[in-house]
Amino acid sequence: MEAQTRVPRIRDQKEIENIVLQMTLEEKAGMCSGQDFWHTKGVERLGIPSVMLSDGPHGIRKQETGGDHLGTGASIPAVCFPAGCLIASSFDRELAETLGETIGNECQAEKIGVVLGPSMNIKRSPLCGRNFEYYSEDPLVSSEMAAAYIKGVQSKNVGTSPKHFLANNQEHLRMTGNSIIEERTLREIYLASFEKAIKESKPWTVMASYNRVNDIFATENKEYLTGVLRKEWGFQGFTVSDWGAVNDRVEALKAGMELEMPSSGGVNDQKIIDAVKNGELEENILNQACTRILANIYKYWDNKDENAVFDREEDHRIAQRVAEESMILLKNNGMLPLSPNKKIAFIGCYASNPRYQGGGSSHINSSKVTSALQAGMGNSNISYAQGFTDGDEKVDISKWEEALETAQKAEAAVIFAGLPERFESEGYDRLHMKLPKCQNDLIEAICAVQKNVAVVLHNGSPVEMPWINSVSAVLESYLGGQAVGEAQYKILFGMINPSGKLAETFPIRLEDNPTWPYYGKDGNMTLYREGILTGYRYYDAKNIEVLFPFGHGLSYTEFAYSNLKLSSDKLKDTDCLQVSVDVKNIGKRLGKEVVQIYVSAMEPDIIRPVKELRAFEKITLNPGEKKTVRIVLNKRAFAYWNTEIHAWYVPEGKYRIFIGKSSRDIVLWSDIIVESTTECPQVFTRNSTLGEILKSSSGKKAIEEELQNLEKLFASEESSDADDKNVILSMPLRSLISYI
Ligand code: BGC
């Protein structure tokens, strides 16, 4: 794509405020809701344009007439890129940015001012019907990939709308559910997923979700919409409600929720007008909302690119590249890559008719779709049998027999399995984590007649793999977008070396997941009982065996890691730590590796995950080539959210820096001591224990005299037993009085 170097025109604040000053109360109230399903309201007499917002996120779902948020109505033919689950697996920020640029350009060509995405809720449970749209179980991956996508789209002077803010992690009762989450979990996992993307990439809008967060609707939640988003993170855009998410229009406006979508047919505009008139709502709040909306609408309007062209063929190639760089080789005992000279059986309906996108508002009317069978059309060594029908649970005997015979006659079989679309979609959750029974049975049956079996998966979220030990290879293609078949074919036959890594853990069985058995079973309440232990943070803490760990993904080449260096072995939490490590391609083909850096607090006296991903970098290496990867870690890499000081806090002590090929495959590590520069203010009562007081220097000072007596006691013969000392340390002040 041609590089564009237009300097965007940005109107200054005064100019926008002047326009708002000229608007009537009615026009201002109107500005705060949609004209119809997809457009903001224009005001002709003041030259205020009406701008289109459109889904998103992995392609454009532009509805020229009418509108729906379920993805059922007609939309223009567009390019369906891989879904978020696959894009995240690339761990490639540049790729996500390229995707953003491509979609931004499509928006320019189609006169869309804001694309509704990226979708960046955390994957709490594999059952969430909308996981396919989301990036990861890990907030760093989610936020970094989203940041790159936003940067790409907005470089084309088109806005984005990171969604769904906040704690919208299930589809079950999504419009009324109440996510009950404690402060630390919100900060470390659910807010963190948005934080970096918002601070670094400055989205023009943020979409407030349907659900409630700790009893208050996300659209009315001032603490997060204004306190965190604007005041702490410096968000400058406007917030928009998810479609139909507004509960109380006036309360929402007061909380910082500016644009209601879609149109309320004037009903809510009137409520705003009445509230201003009767003094319930300060007009100033309304003025501010209009200023924020207009400032961002004009950013698009003043920088429209009349020459932009939506080249569907060209963008199909980009969809293919994204898929190629993201698919994950989960298992390979040497069967892959396939040789074009061998007889290969392609089995399964998804080989000819792939499942490549999810249901709901992100559903694209694809301009074309390529299957693996089409991609391999020139290869006369490929035979095909359908094996099963999409959506069927039961075996179809004639298809089954044909599949077995085809597999048996070939030298290897590739089974294209996956979840039918009705199994996972926006609007409802999955009931289980299994593939349809007929598919599982067919895989086992084929393994009995053919020793070389690879499975290619099409799914938006993890599935159980009861046949994993019987097959030779597994390629996870998630929901690969409309060029899925070309990418699968090139990876299977080795034209592309796979380099995707899992951005989520695949548990062996659903029951192992941290949200089991309460996910979706708490009525209207959604209790985040697992707290900060989401995904690998939980599996590691409980040392649970997993099917495939977070960060896992194989290559056709091999990488050797060496020479891990830290810039220091002791630092203050305000300093930065430079980490460097050498990675060498010791195989025979060009490959890409994702270097993963995890940090672990070694002596925590509060709950901390065993390790947390704190940085990653994707690199390309030729055979024999070695590169040094350098990464800087700052305070956040060591910190947790301290609820006493309501801030990030690094407890003094030893930390371990891990270099991993996945969260479970650690290749190098090194330790560092971090000194804390923040002392948590502490309040002592007669029920504080001596141990707690001695930990703080101010506490220590306050009881110096008594301390000296105690020190003598600890030093004396009678009390040399460590148990005695611990008993005393755990005594509250009230009981010490009788002791000393
Ligand atoms: C979805 C949003 C989407 C909107 C408009 C809602 O139902 O949750 O993600 O952008 O509809 O289609």
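All ligand and atom numbering here is 1-based and tracks the order in the structure.
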Identify whether the distance between the nearest side-chain nitrogen and carboxylate oxygen of Arg11 and Asp302 falls below 4.0 Å. yes
Under 3.5 Å between any N/O of Asp68 and any N/O of ligand 1: does that happen in this structure? no
Salt bridge check, Asp390 against Arg422: does any charged N sit closer than 4.0 Å to a carboxylate O? no
Under a 4.0 Å heavy-atom limit, does Gln63 contact ligand 1 with its side chain, its backbone, both, or neither? neither
Atom indices of ligand 1 within 4.0 angstrom of Met207 heavy atoms, with elements: 10 (O)
Check: His164 N/O within less than 3.5 Å of ligand 1 N/O: yes
Write out all pairs satisfying salt bridge (Lys or Arg N to Asp or Glu O under 4.0 Å) with one or both partners inside residues 170-181, taking only residues at least two apart or from two chains. Glu171-Arg174, Arg174-Glu426
Which atoms from ligand 1 have a heavy atom of Arg61 less than 4.0 Å away? 12 (O)
For atom 11 (O) of ligand 1, the protein heavy atom that lies nearest, with its residue and separation: His69 CB, 3.1 Å
Please compare Glu426, Met175, Arg130 and report which has the shortest non-hydrogen distance to atom 9 (O) of ligand 1. Arg130
State plainly whether the residues Arg93 and Glu200 are in salt-bridge range, i.e. N to O under 4.0 Å. no
State, without any angle test, whether Ser201 and Tyr149 hold a side-chain donor-acceptor pair at a distance under 3.5 Å. no
Closest approach of any protein heavy atom to atom 10 (O) of ligand 1, naming residue and atom: Asp55 OD1, 2.6 Å
For Lys163, the ligand 1 atoms with a heavy-atom partner under 4.0 Å come out as 2 (C), 3 (C), 9 (O), 10 (O)
Between the side chains of Glu133 and Lys123, is the shortest nitrogen-to-carboxylate-oxygen separation below 4.0 Å, so that they form an ion pair? no
Quick one: does NZ or CZ of Arg130 land under 6.0 Å from the six-membered ring centre of Phe132, within 45 degrees of the ring axis? no
Using non-hydrogen atoms of the residue, decide whether Glu133 is closer than 4.0 angstrom to ligand 1. no
With sequence neighbours excluded, what pairs up with Lys271 under the salt bridge (Lys or Arg N to Asp or Glu O under 4.0 Å) test? none
Provide the number and element of each atom of ligand 1 under 4.0 Å from a heavy atom of Trp38. 5 (C), 12 (O)
Can you tell whether the side chains of Glu220 and Arg212 come within less than 4.0 Å, N to carboxylate O? no
Under a 4.0 angstrom heavy-atom cut-off, which atoms of ligand 1 come close to Asp242? 1 (C), 2 (C), 3 (C), 4 (C), 6 (C), 7 (O), 8 (O), 11 (O)
Please list, in number order, the atoms of ligand 1 under 4.0 Å from a heavy atom of Leu116. 10 (O)
